[in-house]
Amino acid sequence: MLALPNRDSRPEPVMPAIAGHDAMADSSFDKRRARIFRPVAVVAVVALLLLAVIAMQLVASNDRETREHEQAMVARGLALRMHELEQAIIPQVEWDEAVDHLGNRLDRHWADAYFAVFMHSQVGATRAFVLQGDGRPVYGARDGKPTNAAPDALFGPFAPAAEAMLPGLRQREAAAHQPPVPGQALAHAVHTTALARAEGQVWIVSAHLIQPDGGKVKPREGPLAIAMVAIPLDAPMLNLFGQRYRIADMVVMPMAPRNDTMARVLLKGLDGSDLGWMVWSPQRPGSALLREIAAPLIMLLVAFGWGSWIFMREASQMTRELIDSEALARHVAYHDTLTGLPNRALMFDRLNHLLALARRHPYDPAADLAVHCLDLDRFKEVNDTLGHHAGDELIRKVGTILKALCRESDTVARLGGDEFVILQPGTTAAGASHLAERILRELSRPIDLTFGQVEISASIGVTMVPDPQVEPSDVLRQADMALYVAKEAGRNASAFFEPEMDAALRLRRALEGDLRQALSHGQIHMAYQPQIDRDDRVVSVEALVRWQHPTKGAISPTVLVPLAEESGLVHELGEYILRRVFEETRGWPNLRVAVNVSALQLRSPVFMAMVTRLVAEYDIDPRHYEFEITETALLGDDGVTRNNLTVLSQEGFTIALDDFGTGYSSLTNLHRFAIDKIKIDRSFVHNLDSGEEAEALIDAIVRLGRALGLDIVAEGVETESQRRRLALCGCNHFQGYLVSRPVGAQELEKMIPGR
Ligand code: C2E
Ligand code: CA
Ligand code: CA
């Protein structure tokens, strides 16, 4: 019987197909890897870019601050330089000697030898002039040497500067003399220094009133003479400046430099006009730092990138392994390990899915779903005679054969043991029948195993899903019922489910319930059928079970025993029967009582314990009792059966082999097991009337039995002629309606001699 799935633990849906789960794992792996690594990569790149931008901004702002600082420093430095020059000039022109030699008269000799030379060598002025009170130049020197020509030519370029400076000087001169006191020294020096453009370059021009300092010399009446010197902002001067402020390449340009990164200071004239720009390349500590750390930084980045790549690769490998093991776990959860076919869980999942599809297209006649239940007919035999490995190999082969016969869209599942289920969607009853027939044909061919060739067959139950609303478990139940019918019909056959089967099954279920009740309510009785010898003496009886159903009447043991076996009541029934038999027959003298036991009972380890217990309880002599076993009980020589039989005969019970000749008995069976008696099946006896062949067979059986030292009983003896022929064959014991039908205990007691 098929076990039904637990509805509460539905497997995770894995439709539509899991063929090639590797491909599934691959694509899911790629997706997951992308999901994990893409954001990581994006974040890393964005972070790196951000870092770079921040670094560049830091570098730029650091450089800019440094440039601004240098510009302020240079601007201050220039002002300071102008002040220094002024201070250097003051002692030379605010001096009695200067008033005497330059202001009151022009002592050319003094001017040449002292004034021009001093201004050039000590102050750095390449132009030196003396202007009279009215502003006219009376003396000019260039590079410390007097000009031979009139001073006007040399002075010309500086005239605009002088024009701009003199009014201020005169104003302050006038203010210092308020009221003006001729010939008297001013309270303090009067001078002015400014930048000016002349001869195509920028100059520091310093103009001073020539005035006395000690009072020994009195200046002439009228405005004071003026000493005016010009120092060019040329390369030597800029170099000197540069050394002071550690600037290497300072130049003066008429226009502002295009390059923003160059430092510059605007040079303005006294009247506010732009004279040009001092320009230099400033220190760039940020850039310098960047240059310095660039190499190690790049190495670090490369190392980081390399490390990340390794990390990603390892992580990706790990993820891959995780996904693989997950896929494997999923595969294991939904597949049979022996054949690799879908297992029960996956089969039910697909069945559910197919039913759901059918519900969506209810009127498609070509889209019927067929469900096949398949079961191998003699699997247990193979397993028992050739061993588990052969059994496993056979199951694998059958799986392969089934897969080969089915279409890609069909599902071939193994539910366990030798049970297979095939889901065949999109077919018709004819199509399903065709498939079932092909499977039966294919499986009845010999199958090659490493252990040799085996011949098996299968039974198939098919159900066409009539109504997609049906529960998957009901579909399986229907196919299983059909399988049961197919097996009943004699194996190597297929059967389609019909609604009557359902009714029959329901009936069986009801009967199972009744059987339970019958056991507890004592509705089951024993009948006894005598066996006689050649001299018509009753030597033994066979106990046969009888069930008088309250509504259904007498139920045959051929129904009752299998029912008990299938509903798990066979041990209970077996004990019940043995109790009744011991109880009713223990007083019967010189009579052997035979009890039938089913193969299932005999295969159970608890059977022997039960017998021993009842022997003690009813205090019977085992030598008066016999167990009838069928040949099927001996098939598949399992240790328990053999052990049970051995112990039974050791305790004194005799063992009879029932229905001899119908099963698969072989001589070895008779030999290996502790058999005392064989019962010739009634079908042989029945055939005695119809031909010689049966007689020859019986003759052979009797000879065989004799040779092995076994007792021989013929069953189903109904006529005197049968009895005569059996006797001629050498059979000495007879059982059958000719002697008596099975009767109740009390009735039988009347037949027993000596009672
Ligand atoms: P069996 O062991 O071969 O039992 C003999 C069957 O043949 C009995 O049928 C019996 O009534 C019937 N029979 C006896 N004489 C004749 C005859 O002359 N002609 C014909 N046609 N039949 C005859 P029953 O009682 O219906 O039992 C059927 C089978 O049920 C038995 O076959 C046995 O295998 C099984 N069975 C009966 N009682 C028990 C039991 O207590 N335990 C077990 N495990 N099986 C039992
Ligand atoms: Ca029997
Ligand atoms: Ca029999």
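This structure is a prediction, so every number in the text was calculated from the model and none was measured. First listed ligand is number 1; within each ligand, the first listed atom is number 1. Throughout, numbering of the chain's residues begins at 1 and tracks the sequence.
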Considering [options] one by one, which has a heavy atom nearer to [atom] than any of the others?
{"atom": "atom 13 (N) of ligand 1", "options": "F627, Y576, Y737", "result": "Y737"}
{"atom": "atom 27 (O) of ligand 1", "options": "P742, S598, P562, P557", "result": "P557"}
{"atom": "atom 5 (C) of ligand 1", "options": "R741, R682, Q529", "result": "R682"}
{"atom": "atom 10 (C) of ligand 1", "options": "V561, V685, L544", "result": "L544"}

Any heavy atom of E542 sitting closer than 4.0 Å to ligand 1? yes
Hey, does R546 sit under 4.0 Å from ligand 1 if you only count heavy atoms?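 Yes; R546 lies near enough to ligand 1 that a heavy-atom distance drops under 4.0 Å.
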Relative to each other, are the rings of F653 and F627 parallel, tilted or perpendicular (30° and 60° limits)? tilted
Contact check: N596 vs ligand 1, nitrogen or oxygen atoms, below 3.5 angstrom: yes
Counting only nitrogen or oxygen atoms and a 3.5 angstrom limit, does V545 reach ligand 1? yes
Counting backbone and side-chain atoms alike, is an N, O or S atom of D659 positioned under 3.0 Å from the Ca ion (ligand 3)?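 It does: D659 brings an N, O or S atom closer than 3.0 Å to the Ca ion (ligand 3).
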Kindly state if [atom] has a protein heavy atom within a strict 4.0 Å cut-off, that is, under 4.0 Å?
{"atom": "atom 44 (N) of ligand 1", "result": "yes"}
{"atom": "atom 32 (O) of ligand 1", "result": "no"}
{"atom": "atom 24 (P) of ligand 1", "result": "yes"}

Which of the atoms in ligand 1, numbered in the order shown and given with their element, are less than 4.0 Å from a heavy-atom of D659?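 The atoms of ligand 1 under 4.0 Å from a heavy atom of D659 are 3 (O).
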Only heavy atoms of G716, strictly under 4.0 Å: list the atoms of ligand 1 that pass. 16 (C), 17 (C), 18 (O)
Which residue and heavy atom of the protein sit nearest atom 3 (O) of ligand 1, plus the separation: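 Heavy-atom neighbour on the protein nearest atom 3 (O) of ligand 1: E715 OE2, 3.2 Å.
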Among the N, O or S atoms of E628, which one sits nearest to the Ca ion (ligand 2)?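 Closest to the Ca ion (ligand 2) among those atoms: OE1.
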For the Ca ion (ligand 3), find the closest N/O/S atom belonging to D658 and write down its atom name.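 The D658 atom nearest to the Ca ion (ligand 3), restricting to N, O or S, is OD1.
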Can you tell me if Q746 has over 12 outside heavy atoms packed within less than 6.0 Å of its CD? no
Could you tell me whether V595 approaches ligand 1 through its side chain, its backbone, both or neither, with non-hydrogen atoms closer than 4.0 Å?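 The answer is neither.
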